[in-house]
Amino acid sequence: MRRHWRWRLVAVPPLVVEPHAGVAVGSDASCRFQIPKTKFSINNTNTKQHRSSSFAFTILSASSLSLDMDAAPSVGLYPLHRCKTIHLVRHAQGFHNVAGEKDHSAYMSPDLFDAQLTPLGWDQVDNLRKHVHSSGLSRGVELVVVSPLLRTMQTAVGVFGGEGYVDGIDVPPLMAENTGDSNRPAISSLNSPPFVAMELCREHLGVHWCDKRRSVSEYKPLFPAIDFSLIENDADTLWELEVREANEHVAERGLKFLNWLWTREETEIAVVTHSGFLIHTLAAFGNDCHPSVKAEICRQFSNCELRSVVIVDKSMIGSSSSKTDYPGKIPSGPDAPSDDADEKK
């Protein structure tokens, strides 16, 4: 009998990753690798206590395709408190994007050092801000993690920050007026989530001047309410003029970054970062899914695009208990299941 295939939307658990162990486990053996020691280290006092030095997690796309009932079940079910929602955002258009589209060699120009957003980029920021507010997404975000470059921080505070800053408010602004020659007003930190700058989610390091950051001491007066305490060195010691970071290392750094996200208490986090970082980090996932799901996860990001995913802790590294589960049997009484009663007859 000829078989007819039907399709439906389901949640599919893609690739399982064990970052500390250094192994990506999936159907494609070519994606196995060891994570080497890198220049990056993390000193964060606002983290959970770990039960174990290694764990596995899965990343789920917001919507996925799977074969219907003729195929093996592919829906994953996990305790809610073992999951985190991550909103991934690529920065808005920067001047380097415009120059690089015309001539790729422009990326090597010192004129594009730590490139800021274009006026069109700020329009993209304004439109994404409208979306996160109208959709209700902004109400759920508990933390914004941002790459410490001008274009990503401008995007992050413009999308997830408070309203315009008014003198006399007893909170520091997220962004000072006219930061990066933007001709934009100051942005308030009032009623906004905390912002943390993190080196692990930077773009490829080296060679391209647009990917070299300024010193932290230069950034602090421009972005007073962003927390830079996780950045160890004031100067950019990671960027090298003659050496461009390999794609494989960016992917390894990305997995280390996702590992770090699991140490955070927050369960809904926005991450504002870069195209190359996102593409090479997400490429490790989805190898055990339908090709349409893999393509959905790994599709290139447009400027100021937002995609939401869920990462799942599958090996008990998380120490927090559920905030929504209820133990039942209060007050206590007999509660033998009906199946047990039938067996006793």
Side-chain angles (χ1 to χ4, degrees), residues 87-104 106-133 137-138 141 144-165 173-189 192-193 195-199 201-205 208-216 218-226 228 231 236 239 270-279 300-307:
H87 304 290
L88 302 171
V89 180
R90 181 191 175 192
H91 64 79
Q93 185 194 72
F95 280 100
H96 67 299
N97 295 131
V98 178
E101 180 123 347
K102 296 177 182 177
D103 178 8
H104 189 268
Y107 291 125
M108 274 71 82
S109 170
D111 292 339
L112 291 175
F113 166 56
D114 194 17
Q116 69 266 33
L117 297 186
T118 65
L120 185 143
W122 277 108
D123 290 342
Q124 294 171 341
V125 167
D126 292 339
N127 285 324
L128 180 54
R129 179 182 179 84
K130 292 175 185 175
H131 168 74
V132 300
H133 281 272
L137 186 152
S138 60
V141 173
V144 178
V145 182
V146 58
S147 165
L149 287 166
L150 192 56
R151 60 189 182 271
T152 41
M153 290 189 288
Q154 287 177 318
T155 301
V157 301
V159 172
F160 298 103
E163 300 298 333
Y165 185 76
L174 276 166
M175 188 182 82
E177 183 180 2
N178 198 36
T179 290
D181 297 322
S182 62
N183 197 31
R184 302 281 291 201
I187 297 174
S188 174
S189 61
S192 69
F195 285 67
V196 176
M198 184 57 160
E199 298 260 44
C201 62
R202 284 177 62 176
E203 185 58 288
H204 285 80
L205 299 167
H208 293 182
W209 279 88
C210 56
D211 300 326
K212 178 176 173 61
R213 70 167 173 83
R214 302 167 197 266
S215 66
V216 172
E218 289 179 85
Y219 282 142
K220 283 184 174 180
L222 300 177
F223 301 96
I226 292 182
F228 293 95
I231 299 178
D236 188 357
W239 189 91
V271 176
V272 183
T273 179
H274 308 266
S275 174
F277 175 82
L278 288 165
I279 287 298
Q300 186 168 342
F301 278 69
S302 299
N303 280 130
C304 219
E305 180 177 354
L306 180 151
R307 286 185 226 161

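In this structure a side-chain-to-backbone donor-acceptor pair under 3.5 Å is present from D236 to R213. Counting only distance, with no hydrogens or angles, the side chain of R129 and the backbone of G161 share a donor-acceptor pair below 3.5 Å. Between the side chain of S189 and the main chain of A225, no donor-acceptor pair closer than 3.5 Å is present. Judged by distance alone, the side chain of R214 and the main-chain N or O of Y219 form no donor-acceptor pair under 3.5 Å.
Here the side chains of L137 and L306 are in contact, with some heavy-atom distance below 4.5 Å. Within the 4.5 Å cutoff, the side chain of I226 has heavy atoms near those of the L174 side chain. Taking the side chain as every heavy atom from C-beta outward, M175 and M153 never approach each other to under 4.5 Å. The closest side-chain heavy-atom distance from Y107 to H96 is below 4.5 Å. S147 places none of its side-chain heavy atoms less than 4.5 Å from the side chain of F277. Taking 4.5 Å as the limit, every side-chain heavy atom of V196 sits out of range of all side-chain heavy atoms of V146. In this structure the side chain of R151 reaches within 4.5 angstrom of the side chain of C210, judged on heavy atoms. Using a 4.5 Å cut-off on side-chain heavy atoms (C-beta onward), W122 and Q154 make contact.
The line from OG1 of T179 to CG of L117 is 11.0 Å long, rounded to the nearest 0.5 Å. Summarising the geometry, atom CD belonging to Q116 is positioned 11.5 Å from atom OG1 belonging to T155; distances are rounded to the nearest 0.5 Å. Atom OG of S275 sits about 9.5 Å away from atom CD of E305, to the nearest 0.5 Å. Going from atom CD of Q124 over to atom CG of N303 covers 5.0 Å, rounded to the nearest 0.5 Å. Note: D211 CG to H204 NE2 = 9.0 Å, rounded to the nearest 0.5 Å. Rounding to the nearest 0.5 Å places CZ of R307 at 8.0 Å from CG of L88.
Counting all heavy atoms, side chain and backbone alike, A176 lies closest to P221 at CB-O, 3.7 Å. Looking at every heavy atom in both residues, T152 comes nearest to T273 through CG2-O, 3.5 Å. Annotation for F160 and V132: closest pair CE2-CG1, 4.3 Å, computed over non-hydrogen atoms. Of all non-hydrogen atoms in P224 and P173, the two that sit nearest each other are CD-O, 3.2 Å. Nearest heavy-atom pair, L112 versus A106, reported as atom, atom and distance to 0.1 Å: CD1-O, 3.2 Å. Nearest approach of G162 to I187, heavy atoms of both residues: O-CG2, 3.6 Å.
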D126 and R184: CA distance, side-chain angles, deciding distance, side-chain contact (heavy atoms from CB on, under 4.5 Å) verdict: CA-CA 11 Å; D126 292 339; R184 302 281 291 201; 2.7 Å; yes

Could you walk me through whether V98 and T118 satisfy the side-chain contact (heavy atoms from CB on, under 4.5 Å) test, starting with their C-alpha distance in whole Å, then the side-chain angles of each, then the deciding distance to 0.1 Å, before giving a yes or no? CA-CA 9 Å; V98 178; T118 65; 4.1 Å; yes

Audit row: K212, D114, side-chain contact (heavy atoms from CB on, under 4.5 Å) steps and yes/no: CA-CA 6 Å; K212 178 176 173 61; D114 194 17; over 6 Å; no

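Heavy-atom neighbours of D103 CG from other residues, nucleotides or ligands within 6.0 Å: above the threshold of 12.
In this structure, H208 and H104 have perpendicular ring planes: the angle between them is above 60°, well past the 30° mark.
Tested against H91, the residues V159, N97, L149, L150 include a single side chain to side chain contact (heavy atoms under 4.5 Å, CB included) partner, N97.
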